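Take a look at the structure set out below.
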Number of protein chains: 2
Amino acid sequence: MLLKLDLQSEIPIYTQLRNQIIEGIGRGDLKYGDALPSVRNLASDLGINLHTVNKAYTLLKQDGYIQVHRQKGVVVNPEGMPPIDEDFLNKIKDEFRPIIAECLCRGMSKEEVSLIVKQIYTMIKEKGR
Amino acid sequence: MLLKLDLQSEIPIYTQLRNQIIEGIGRGDLKYGDALPSVRNLASDLGINLHTVNKAYTLLKQDGYIQVHRQKGVVVNPEGMPPIDEDFLNKIKDEFRPIIAECLCRGMSKEEVSLIVKQIYTMIKEKGR
DNA sequence: ATATCTGTTATATTATATATATAACAGATA
DNA sequence: TATCTGTTATATATATAATATAACAGATAT
């Protein structure tokens, strides 16, 4: 799977990594049980530090997206993705909220915002072809 | 207008301020031309530093949400909100994207995501009553 | 006029977050 | 036995966030 970094971005590298791996899973590029590169290999490939990759993996592990086995390596959670529970919904609501508020502030209708969101959903899903 | 801060949050104080003011405008609590507290008064009321408020105001000014007059004070932009241009759409797409990817990753359908977004839109808009 | 209120700018300090650099440990594998 | 895992521990450099004082210059009220 191809990972691209913007080292000049204000978004931390470990966050960029985390987001792209999640997007890869969501799109289907990465399937349940698929192996991810070792922290050292990925860091080397990307020209960044081992600990930066490790931080991204740690976050993904904490959320249940991947499993990390001491000596086997890193894999996308073979048991599937974590459930859509209350905690998750509250988290994404907190993340969505300020963006939607800004849309509302500029006069976008509920339908316009909804349409943009649907377009992004489709764009993510179809990018793998 | 009531502003609440979570000093323990990982979200910077100036970002919390910015977001809440934008939400206030979007909801209609703050109307075009309405005065905002001076940097010193608001900082004092919230128990934070003047520069933290000033940073929030500077961001809001840069985006065209408020106007700052040297001696008159701070007001919500009387000419209305900035337009929904290409730059704005690209910005919110970049912000929406990782959240939507995570929804997709957990198996939420396009309609489920869209529904949540609509609910948040309504929630923001109706909170002022 | 003078005191007070604006936003603004400058400087310094502290704390935290981000990213890197080395090194070592312990289990698994070739 | 050498090599590959993730993990942990330190140390360092840089950037960001937040605070603390201080001063400036224009406007306003007394």
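Letters go in sequence order (proteins before strands), and every chain restarts at 1. Being a predicted model, the structure only gives us computed values, none of them experimental.
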Give the rounded distance in Å between these two atoms: CD of B/Glu10 and P of D/dA17.
-> 13 Å
If you look only at distance, which donor and acceptor atoms sit under 3.5 Å apart when one is on a side chain in residues 81-92 of chain B and the other is two or more places apart or in another chain?
from    : atom 1 : to       : atom 2 : distance (Å)
B/Asp85 : OD1    : B/Phe88  : N      : 3.0
B/Asn90 : ND2    : B/Glu86  : O      : 3.3
B/Lys91 : NZ     : A/Glu102 : OE1    : 3.3
B/Lys91 : NZ     : A/Glu102 : OE2    : 2.7

Specify the separation, in whole Å, of atom CG of B/Leu60 and atom P of C/dT8.
-> 12 Å
Could you state the atom-to-atom distance from CG of A/Asn41 to C1' of D/dT5 in whole Å?
-> 10 Å
Atom-to-atom span, NE2 of B/His51 to C1' of C/dT6 - whole angstrom = 14 Å
B/Gln67 atom CD is separated from C/dG7 atom C1', nearest whole Å, by 14 Å
Round to the nearest Å and state the distance from B/Gln16 atom CD to D/dT16 atom C1'.
-> 16 Å
Mind checking what makes side-chain hydrogen bond (donor to acceptor under 3.5 Å, both in side chains) contact with B/Asn19, not counting sequence neighbours?
-> none
Output all residues satisfying ring pair (Phe, Tyr, Trp, His ring centres under 6.0 Å) with B/Phe96, sequence neighbours left out; order by chain, then residue number.
-> A/Phe96
Side chains of residues 43-55 of chain B: which donor-acceptor partners sit under 3.5 Å, not counting sequence neighbours?
from    : atom 1 : to      : atom 2 : distance (Å)
B/Asn49 : OD1    : B/His51 : N      : 2.8
B/Asn49 : OD1    : B/His51 : ND1    : 2.9

Base-contact (B) and sugar-phosphate-only (S) positions in nucleotides 24-30 of chain C, heavy-atom cut-off under 4.0 Å, - elsewhere | BB-BS--
Any pair counted as side-chain hydrogen bond (donor to acceptor under 3.5 Å, both in side chains), so long as it reaches residues 1-12 of chain A, sequence neighbours left out | none
Salt bridge (charged side-chain N to carboxylate O under 4.0 Å, His left out) partners of B/Arg97, counting only residues at least two apart | A/Glu23
Considering only Ile, Leu, Val, Met, Phe, Trp and Tyr, and joining two whenever side-chain heavy atoms are under 4.5 Å apart, list the other residues clustered with A/Leu59.
-> A/Tyr14
Give me, pair by pair, the N or O atoms of the protein and of nucleotides 14-18 of chain C that are less than 3.5 Å apart, along with how far apart they are.
from   : atom 1 : to      : atom 2 : distance (Å)
C/dT18 : OP1    : A/Tyr14 : OH     : 2.7
C/dT18 : OP2    : A/Tyr14 : OH     : 2.8
C/dT18 : OP2    : A/Lys55 : NZ     : 3.3

Mind calculating the distance between CZ (B/Arg18) and C1' (D/dA17) to the nearest angstrom?
-> 16 Å
Selection residues 25-49 of chain B - residue pairs positive for ring-ring contact (aromatic ring centres under 6.0 Å, His included), sequence neighbours left out = none
Considering only Ile, Leu, Val, Met, Phe, Trp and Tyr, and joining two whenever side-chain heavy atoms are under 4.5 Å apart, list the other residues clustered with B/Val75.
-> none
Has the side chain of B/Arg18 got a donor or acceptor atom that lies under 3.5 Å from a matching backbone atom of B/Ala56?
-> no
Side-chain touch A/Leu17/A/Leu3, heavy atoms, less than 4.5 angstrom = yes
Dot-bracket encoding of pairs in DNA chain C, which uses [ ] for pseudoknotted crossings and | for another strand, Watson-Crick or G-U under 3.5 angstrom = |||||||||||||||||||||||||.||||
Give a yes/no on whether any side-chain N or O of A/Ser38 is located under 4.0 angstrom from OP1 or OP2 of D/dT5.
-> yes
Does C/dG7 have OP1 or OP2 sitting under 4.0 Å from an N or O in the side chain of B/Asn54?
-> no
Rounded distance in Å - CG (B/Leu17) to P (D/dT19) | 10 Å
